[in-house]
Engineer: 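Take this structure first; my questions come after.
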Amino acid sequence: MVEANVIDFAYTAIKALLEVFLIGFTGYIFARNGTLTKTTLKNLSVMSVNLLTPALLFSKMTETLDPSLLVELWNEPLFYFIYGGFSLLWSRVGCRILKINKEYARLCDVATFFSNTNTLPVSLIKSIALSAGSHFLLKDADDTPLKVAARGVSYAMIFATLNNILRWSFGVALMGGMDSKNKSAFNSVSATPRTPALTRNASGIHDLPTSPALASSSSPALDMLRSYASNSTDDESDELTPFYLGAPARPISPESRRSSISQKLCSAVRGAQKIWNSIQSCITPPVYAITAAFIVIIIEPLHKAFMDQNHVLYTIWSAIDMCGDACVPLILISLGGQLGVMSAQAAQLPKQQNNHLSANTASVPSATQADRGHIPPIVIREATESGGALVEIDDNTETGSEIAEQSISAAEQRKGIVLVLVGRFVFVPTLAVILLTTLRVMFPALLPIMANDPVYMLTLLILSSTPPAINLITVSQATGKFETEAAQILFYGYVLGIFVLAIEVSGFLWLTNVLANL
């Protein structure tokens with residue numbers, strides 16, 4: 001292999017990043033001028049997840065992988081969780097040292113753990129593989145830059161699929177669970193069929209089902225139990241009360257027994273349905289695409305049919321491949337559009353808050369409003385050590401309404417941003433370089449794919465250093481926590497990421513070249 005110097009690697013990295021930046025910047029411009037809106041971006045995301053990304057996965061995996069290579073990929077999910085462990089270690093220790101708010105620390109955990117595993121890595125690897133200085137990524141004399149790019153995309157998309165599966169389960173759990181407004185109440189309380197329910201008389205006091213012999217009796221114990229029953233609420237029922245009062249327990253009728261069995265069966269069915277719904281929510285179209293690709297690769301005659309240009313199945317594969325080629329530019333445009341929408345919202349947020357405060361604090365109840373019994377909302381700013389909370393209280397409803405916007409101080413927010421970005425751009429990549437270099441040099445037989453395919457090493461290195469996933473804002477919206485703070489982390493992460501990645505990718509190319517020549 002021809003040796004290359006650091007300048008050549010830097011040129012290759014900057015050229016690849018510039019291509020990514022230019023495509024993403026067009027999406028940013030379209031978002032700022034109103035062409036790309038939230039609705040449009042959501043539709044593009046749906047199309048990407050349901051069609052283009054599965055097409056990219058299926059076409060690239062079936063084109064470049066074979067059964068022996070699939071067996072060698074056993075370690076890639078392991079590397080995903082190792083990177084995740086590094087990320088959580090940094091975030092948890094850093095938040096404790098910096099004394100960051102516990103709830104805000106949850107956002108830092110998610111932002112550090114879930115990195116961008118599809119938009120940036122896929123486009124970077126594809127651009128690098130097709131550049132003139134990527135000859136050291138060829139694994140043998142029959143290899144081509146197109147095959148290198150396809151293999152790199154396949155490796156990266158396996159990471160991306162794991163990220164998508166865990167985001168709405170483990171990611172939401174890290175954030176502290178879904179917001180109460182987004183949860184559906186599924187617990188119900190039913191009266192036990194074993195004893196008659198306590199009824200209230202006209203005075204609102206519980207009538208106790210006692211035996212005739214004890215109905216007129218009086219004792220301190222009975223008086224105490226009657227007092228307890230008269231003070232209990234509708235939600236309180238003690239199954240053993242009739243026993244203490246001397247009432248004979250009613251025999252369990254066949255109808256009651258059948259009702260109890262049917263309730264247990266319904267409860268078991270509901271539990272099984274919940275488990276199935278949880279599993280089904282993780283099985284996304286990309287997972288179906290990977291499964292289909294594995295089946296095609298394992299069944300050798302079917303794999304050959306898909307790759308044979310004279311076979312009808314090749315026409316289907318070619319159409320899928322063309323859809324997959326549209327995935328990378330579309331997700332880059334969507335990424336730029338999402339950043340543009342977030343920056344526009346961040347610019348309008350202070351004005352909206354000022355207008356909201358001035359409009360509500362300046363309002364004075366008029367005589368007409370007082371005659372109608374209408375009390376205007378009161379906005380209170382509660383000063384706290386963490387920056388305060390905005391609470392709106394409306395007394396026009398029976399119970400009143402309270403809208404609280406959880407916020408933190410600017411200093412604490414800066415700490416969180418620095419913590420996340422140092423973790424994503426410095427800590428995790430450093431440990432990844434040490435780990436991968438040690439495995440490549442000391443244990444080459446343990447991971448033959450790392451020794452035989454340089455693009456695998458490069459892909460793992462790039463995946464360790466990407467900024468937080470853009471879907472961090474979606475997780476924040478779903479959980480109802482720190483949406484503005486998540487947008488700030490993403491904005492600084494992607495602005496600084498362009499410059500940081502240029503340096504890091506240059507180093508990764510140099511390291512991959514050195515290790516490939518061992």
Side-chain angles (χ1 to χ4, degrees), residues 4 6-28 79-80 83 86-87 90 111-131 133-134 136-137 148-149 152-153 155-157 159-160 163 328-329 331-336 338-339 417-434 436-437 454-472 488-513:
V6 177
I7 301 299
D8 294 334
F9 293 132
Y11 172 77
T12 302
I14 293 173
K15 181 175 176 292
L17 280 167
L18 185 60
E19 293 177 2
V20 172
F21 173 78
L22 290 176
I23 298 174
F25 188 67
T26 58
Y28 181 87
F79 280 120
Y80 174 85
Y83 287 0
F86 291 160
S87 303
W90 171 263
T112 312
F113 186 94
F114 292 97
S115 61
N116 189 316
T117 54
N118 54 0
T119 312
L120 284 180
V122 168
S123 53
L124 273 175
I125 293 166
K126 196 171 183 180
S127 298
I128 290 171
L130 298 178
S131 64
S134 64
F136 65 94
L137 295 176
V148 170
V153 169
Y155 300 151
M157 293 306 294
F159 253 65
N163 230 28
V328 174
I331 59 179
L332 284 177
I333 291 173
S334 298
L335 173 61
Q338 288 169 332
L339 292 175
I417 292 173
V418 172
L419 177 72
V420 170
L421 298 189
V422 172
R424 288 300 328 148
F425 293 140
V426 179
F427 182 75
V428 177
T430 301
L431 293 184
V433 167
I434 295 172
L436 296 177
T437 303
V455 74
Y456 184 70
M457 168 73 78
L458 179 63
T459 301
L460 290 178
L461 290 171
I462 291 177
L463 286 168
S464 72
S465 61
T466 53
I470 199 70
N471 285 327
L472 174 67
Q488 290 290 331
I489 291 175
L490 291 174
F491 178 78
Y492 287 107
Y494 282 89
V495 170
L496 295 176
I498 295 295
F499 304 99
V500 176
L501 282 174
I503 299 172
E504 291 189 334
V505 173
S506 302
F508 294 157
L509 289 171
W510 174 83
L511 179 62
T512 304
N513 180 56

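As the structure is a prediction and not an experimental result, all values here were calculated from the model. Just the heavy atoms: all of them, side chains too, but no hydrogens, waters or symmetry mates, feed the values below.
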Engineer: Has Ser87 got a side-chain atom pairing as donor or acceptor with Thr112's backbone, closer than 3.5 angstrom?
Structural biologist: yes
Engineer: Determine whether Val428 and Ser465 make a side-chain contact, defined as any pair of heavy atoms from C-beta on separated by less than 4.5 Å.
Structural biologist: no
Engineer: Within the side chain of Ser464, is there an N or O that forms a donor-acceptor pair under 3.5 Å with the backbone of Leu461?
Structural biologist: yes
Engineer: Among Leu120, Ile128, Leu501, which residue meets the side-chain contact (heavy atoms from CB on, under 4.5 Å) test with Ile462?
Structural biologist: Ile128
Engineer: Just how far is it from atom CZ of Phe21 to atom CD1 of Ile498, taken to the nearest 0.5 Å?
Structural biologist: 6.5 Å
Engineer: Do Val420 and Tyr492 come close enough that some side-chain heavy atom pair is under 4.5 Å?
Structural biologist: no
Engineer: Is the shortest heavy-atom distance from the side chain of Tyr494 to the side chain of Ile470 under 4.5 Å?
Structural biologist: yes
Engineer: For the CG atom of Leu124 and the OG1 atom of Thr12, what is their distance to the nearest 0.5 Å?
Structural biologist: 12.0 Å
Engineer: Using atom types as modelled and distance alone, determine if a side-chain donor or acceptor of Tyr83 lies under 3.5 Å from a backbone N or O of Leu460.
Structural biologist: yes
Engineer: Minimum heavy-atom separation for Val505 to Ala13, with atom names?
Structural biologist: CG1-CB, 3.6 Å
Engineer: Can any side-chain N or O of Trp510 pair as donor or acceptor with the backbone N or O of Ala10 at less than 3.5 Å?
Structural biologist: no
Engineer: Once the angle between the rings of Phe25 and Tyr28 is folded into 0 to 90°, is it parallel (under 30°), tilted (30 to 60°) or perpendicular (over 60°)?
Structural biologist: parallel
Engineer: Mind checking the OG-CD1 spacing from Ser506 to Ile14? Nearest 0.5 Å is all I need.
Structural biologist: 6.0 Å
Engineer: Could you tell me if the ring centre of Phe9 sits under 6.0 Å from that of Phe136?
Structural biologist: yes
Engineer: Give me the atom names and distance for the closest heavy-atom approach of Thr466 to Pro121.
Structural biologist: CG2-CG, 3.8 Å
Engineer: How long is the span from the OG1 atom in Thr430 to the CD atom in Glu504, to the nearest 0.5 Å?
Structural biologist: 7.5 Å
Engineer: Are Pro468 and Arg424 side-chain neighbours, meaning at least one heavy-atom pair lies under 4.5 Å?
Structural biologist: yes
Engineer: About how many Å separate CG of Asn513 and CE of Met457, when rounded to the nearest 0.5 Å?
Structural biologist: 12.0 Å
Engineer: Is Leu335 close to Ile23 at the side-chain level, that is, under 4.5 Å between some pair of heavy atoms?
Structural biologist: no
Engineer: If I compare all heavy atoms of Ile489 with all of Ala111, which pair ends up nearest, and what's the gap?
Structural biologist: CG2-CB, 4.3 Å
Engineer: Between Leu463 and Tyr80, does a side-chain contact (heavy atoms from CB on, under 4.5 Å) hold up when you go through it step by step?
Structural biologist: CA-CA 9 Å; Leu463 286 168; Tyr80 174 85; over 6 Å; no
Engineer: So, do Leu137 and Leu458 sit near enough that their side-chain heavy atoms are less than 4.5 Å apart?
Structural biologist: yes
Engineer: Is Asn163 reaching over with its side chain to a backbone N or O of Ser115, donor-acceptor style, under 3.5 angstrom?
Structural biologist: yes
Engineer: Main chain of Pro454, side chain of Thr512: is a donor-acceptor contact present, judged purely on distance under 3.5 Å?
Structural biologist: no
Engineer: So do the side chains of Trp90 and Val422 get within less than 4.5 Å of each other, counting heavy atoms only?
Structural biologist: yes
Engineer: Rounded to the nearest 0.5 Å, what's the gap from OG on Ser131 to CG on Asp8? Could you check?
Structural biologist: 10.5 Å
Engineer: Can you find a heavy atom in the side chain of Val455 that is under 4.5 Å from one in the side chain of Tyr155?
Structural biologist: yes
